[in-house]
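Each ligand, and each atom within it, is numbered from 1 in the order the structure gives.
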Amino acid sequence: MTIYGVGEEMRTALITGISGQDGSYLSEMLLGKGYEVHGLIRRTSNYNLSNIEHIKDRIHLHYGDIENENHLCSILHEISPDEIYNLAAQSDVGVSFQIPEYTGLTTGMGVCRLLEAVKRFSPKARLYQASTSELFGNSPAPQNENTPMMPTSPYAVAKLYGHHMVRVYRESYGLFACCGILFNHESPRRGLNFVTRKITHAVAEIVSGKRQTLWLGNLDAKRDWGYAPEYVKAMWMMLQRDEPEDFVIGTGETHSVGEFAEYAFEVAGLDWLKHIEVDANNLRPNETRLLCADITKAKTLLHWQPDINFRGLVNIMVDADLKRIR
Ligand code: NAP
Ligand code: F7E
C-alpha cells in the first residue's frame with residue numbers, strides 16, 4: 001500500500017458531488033491529509049452548499065456538470081489531479097422511478113464521460129467510482145464482491161452501467177480505476193429525502209412541538225446502515241493500494257426501517273407507534289428488501305472496518321437534529 005508521507009509533493013484531488021454528504025466528509029478528510037482539494041459544483045438558483053460552507057475557503061470549487069464532457073476535460077487539463085472521486089449522481093432511488101432517463105444520463109452516462117475525460121487528459125490519475133449495494137437488488141444476503149448483480153431500480157441500473165464501464169476502462173486502457181460498492185451510510189448531513197434523516201429530523205420536530213406525525217413508506221425494508229465519515233476513509237484507502245480493485249463496504253448488520261424509527265423515537269423519549277403513519281406515496285414500484293454486507297475482503301486486504309454500529313449511528317443523528325432545532 002502506498003501512503004503519501006511528510007516531505008512528499010502535495011497531492012491534488014478532484015471530487016465530483018463535493019456538496020453532497022460524502023463529498024463534504026471526504027473533503028475534510030483530504031484537507032486533513034494535506035491535499036489540495038478541488039470540487040465540481042452545479043449552478044443552482046438557490047445556494048446549496050451548506051455541507052461545505054465551513055471549508056469553502058480551503059477548497060477550490062469549479063462550476064460544471066457531470067453531463068458535460070468537454071468541461072470535465074478542461075478541469076482535468078487545468079488541475080491535473082492525482083486522485084479523482086466520482087460521487088456526483090442523481091442518488092435518490094425512489095425518485096429514479098419518476099425520472100429514469102435523467103438518472104441514466106447523470107448516474108450512468110456521467111461515469112462514461114468522466115472516464116473518457118480521464119483517459120484523454122489524466123490517464124495517470126487514480127479514479128474512485130461510487131458504486132452501491134443497490135447493484136445487488138434482491139440477490140440473497142449477505143452480499144460480497146462475487147454476489148450476482150440484479151438491480152431493481154433505474155438508479156441501480158444506471159450505477160451498474162457505471163460499475164462495468166469502470167472495469168472496462170481499467171482492463172482496456174490500464175486506468176487505475178476502482179469501485180467502492182458501498183452499503184447505506186448516513187450522518188447528520190444526509191439529505192432529508194432519505195429515510196434515516198427524514199426520521200431523525202421528524203423526531204426533532206415532534207419533540208419541539210412543530211408537528212405530531214411522520215409519514216413513511218415500507219417499514220419492513222432492511223438495510224445495512226453505517227456512518228458516512230468512516231466510509232469516506234475506505235474510498236481513500238482503495239486509491240492508496242498498489243492495484244485497483246473493487247471492495248464491498250458496510251457493517252454486516254441489518255435492520256428494518258421500522259427498527260430505525262422505533263429506536264430513534266426511543267432516544268428522544270417518544271413512542272414511535274403514536275407518531276408514525278404509512279403513506280402509499282412513499283412506496284416504490286419495486287424494492288430491494290434485504291441488504292447486508294459481507295466485508296471479509298475489505299477487512300482482509302484494505303484493513304478497513306467500521307466502529308460505529310446501528311445504535312451509535314441513530315444516537316449521533318438524533319442528537320444532531322435535536323441540537324439543530326433547539
Ligand atoms: P448526495 O448527498 O445525494 O450527493 C450527490 C452529489 O452529486 C451532490 O453534490 C449533487 O449536487 C451532485 N450532483 C448531482 N447531479 C449532478 C450533476 N449532474 N453534475 C454534477 N454534480 C451532480 O449523495 P451521497 O450520499 O453523498 O453519495 C455520494 C455518491 O455515492 C453518489 O453517487 C451516490 O449515488 C453514491 N452512494 C451513496 C450511498 C449512501 O448510502 N450515501 C451508498 C452507495 C453509493 P447538487 O447538490 O447540485 O444536487
Ligand atoms: O430508503 C424505505 C425505502 O431512500 C431506504 C441512497 O443513498 O442508499 C440510498 O438508497 C429504505 C427503502 O435509501 C420511506 O423504501 C420507507 O427501502 O433512505 P432511502 P436507499 O433507497 O436505500 C443506497 C445504498 C444508494 O446507493 C442510494 O444512493 O427505506 N422507506 N419509508 C423510505 N424511504 C424514503 N426515502 N422515504 C420514506 O418515507
message: If we only consider heavy atoms of G94, is any one of them less than 4.0 Å away from an atom in ligand 2?
response: no

message: Just to check, does G180 reach to within less than 4.0 Å of ligand 1 when the distance is taken from its heavy atoms?
response: no

query: Of the backbone atoms (N, CA, C, O) and the side-chain heavy atoms from C-beta on, which set of K159 has a member under 4.0 Å from an atom of ligand 1: side chain, backbone, both, or neither?
result: side chain

message: For the residue pair T213 / H275, report whether a side-chain donor-acceptor contact shorter than 3.5 Å exists.
response: no

message: Considering S19, S133, S24, G191 one by one, which has a heavy atom nearer to atom 9 (O) of ligand 1 than any of the others?
response: S19

field: Residue R289 excluded, over 12 heavy atoms near CZ under 6.0 Å
entry: no

E277 atom CD, over 12 foreign heavy atoms within 6.0 Å: yes

task: Among all protein heavy atoms, pick out the one at the shortest distance from atom 21 (N) of ligand 1; state its residue, atom name and that distance to 0.1 Å.
output: A88 CB, 3.4 Å

Step-by-step side-chain hydrogen bond (donor to acceptor under 3.5 Å, both in side chains) determination, D224 to T254: CA-CA 4 Å; D224 177 333; T254 188; over 6 Å; no

- line: Short version for D279: what comes under 4.0 Å of ligand 2, heavy atoms counted, is neither

- prompt: Which protein heavy atom lies closest to atom 12 (C) of ligand 1, and at what distance to 0.1 Å?
  reply: G17 CA, 3.8 Å

message: Once you restrict to heavy atoms under 4.0 Å, what part of V257 touches ligand 2? Side chain, backbone, both or neither.
response: side chain

message: Counting only heavy atoms, tell me which of N184, V93, L182 gets closest to atom 13 (O) of ligand 2.
response: N184

message: Would Y155 count as a polar contact of ligand 2, with the cut-off being nitrogen or oxygen pairs under 3.5 Å?
response: yes

query: Are Y227 and I316 close enough that some pair of their side-chain heavy atoms sits under 4.5 Å apart?
result: yes

task: Under 4.0 Å, heavy atoms only, figure out whether ligand 1 is touched by the backbone of R42, its side chain, both or neither.
output: side chain

message: Are the side chains of W225 and V314 in contact, using a 4.5 Å heavy-atom criterion?
response: no

- prompt: Counting both backbone and side chain atoms, is some N or O of S131 under 3.5 Å from an N or O of ligand 1?
  reply: no

task: Run the numbers on H255 and F310 for ring pair (Phe, Tyr, Trp, His ring centres under 6.0 Å), then give the verdict.
output: CA-CA 8 Å; H255 295 272; F310 174 72; 3.7 Å; yes

- prompt: Of the choices I41, L72, I66, I52, which has the non-hydrogen atom that lies closest to atom 20 (C) of ligand 1?
  reply: I66

query: Taking distance alone, with no angle check, do T44 and ligand 1 share an N/O pair under 3.5 Å?
result: no

- request: Specify side chain, backbone, both or neither for K159, according to which of its non-hydrogen atoms lie closer than 4.0 Å to ligand 2.
  value: neither

task: Assess R126 against F176: is NZ or CZ under 6.0 Å from the centre of the six-membered ring, and within 45 degrees of the ring's axis?
output: yes

field: S91-ligand 2 polar pair, N/O distance under 3.5 Å
entry: yes

- prompt: Should Y155 be listed as contacting ligand 1, given a heavy-atom distance under 4.0 Å as the test?
  reply: yes

task: Report yes or no: do L40 and L127 belong to one cluster of Ile/Leu/Val/Met/Phe/Trp/Tyr joined by side chain heavy-atom distances under 4.5 Å?
output: yes

- prompt: Which is it for T152 and T288 under the side-chain hydrogen bond (donor to acceptor under 3.5 Å, both in side chains) test, yes or no, and what are the steps along the way?
  reply: CA-CA 7 Å; T152 54; T288 300; 3.0 Å; yes

- prompt: With only distance considered, is S133 within less than 3.5 Å of ligand 2 through an N or O on each side?
  reply: no

- prompt: Which of the listed options, R190, H185, R284, holds the heavy atom that is closest to atom 7 (O) of ligand 2?
  reply: R190

query: What's the shortest distance from atom 30 (O) of ligand 1 to any protein heavy atom, and which residue and atom give it?
result: A130 CB, 3.3 Å

- request: Answer yes or no: does an N/O atom from Q90 fall short of 3.5 Å to an N/O atom of ligand 1?
  value: no

- prompt: Hey, does the Lys NZ or Arg CZ of R284 hover above the aromatic six-ring of F97, less than 6.0 Å from the centre and inside 45° of the axis?
  reply: no

- prompt: How close does the nearest protein non-hydrogen atom get to atom 43 (C) of ligand 1, and which residue and atom is it?
  reply: L182 O, 3.2 Å

task: Specify the protein heavy atom at minimum distance from atom 5 (C) of ligand 1: its residue, its atom name, and the distance to 0.1 Å.
output: A89 O, 3.9 Å

query: Does a side-chain heavy-atom distance below 4.5 Å link Y173 with L115?
result: no

- request: Mind telling me whether Y85 and Y128 have parallel, tilted or perpendicular rings, with 30° and 60° as the class edges?
  value: tilted

- request: May I ask you to check if ligand 2 and L216 share an N or O to N or O distance below 3.5 Å?
  value: no

- prompt: Nearest to atom 27 (O) of ligand 1, what protein heavy atom do you find, and at what distance?
  reply: D22 OD2, 3.7 Å

message: Would L87 count as a polar contact of ligand 1, with the cut-off being nitrogen or oxygen pairs under 3.5 Å?
response: yes

field: Numbering as shown, the atoms of ligand 1 that approach T106 to under 4.0 Å (heavy-atom distance)
entry: 18 (N)

- request: Indicate whether any N or O donor in one side chain lies under 3.5 Å from an N or O acceptor in the other, for T106 and Q90.
  value: no

Under 3.5 Å: N/O of N86 near N/O of ligand 1: no

- prompt: Where's the contact between N48 and ligand 1, heavy-atom distance under 4.0 Å: side chain, backbone, both or neither?
  reply: side chain

task: Say whether R189 and ligand 1 are in contact under the criterion: heavy-atom distance to a ligand atom below 4.0 Å.
output: no

query: What residue and atom, counting heavy atoms only, is the protein's closest point to atom 39 (C) of ligand 1, and at what distance?
result: H185 CE1, 3.3 Å

message: Is the distance between the ring centroids of W304 and Y231 under 6.0 Å?
response: yes

Any T16 heavy atom less than 4.0 Å from ligand 1: no

- prompt: ligand 1 and G20, any nitrogen or oxygen pair closer than 3.5 angstrom?
  reply: yes

field: Heavy atom of the protein closest to atom 3 (O) of ligand 1 (residue, atom name, distance)
entry: S91 OG, 2.6 Å

query: Can you check whether W236 reaches E83 side chain to side chain, under 4.5 Å on heavy atoms?
result: yes

query: Can you find an N/O atom of D65 closer than 3.5 Å to an N/O atom of ligand 1?
result: yes

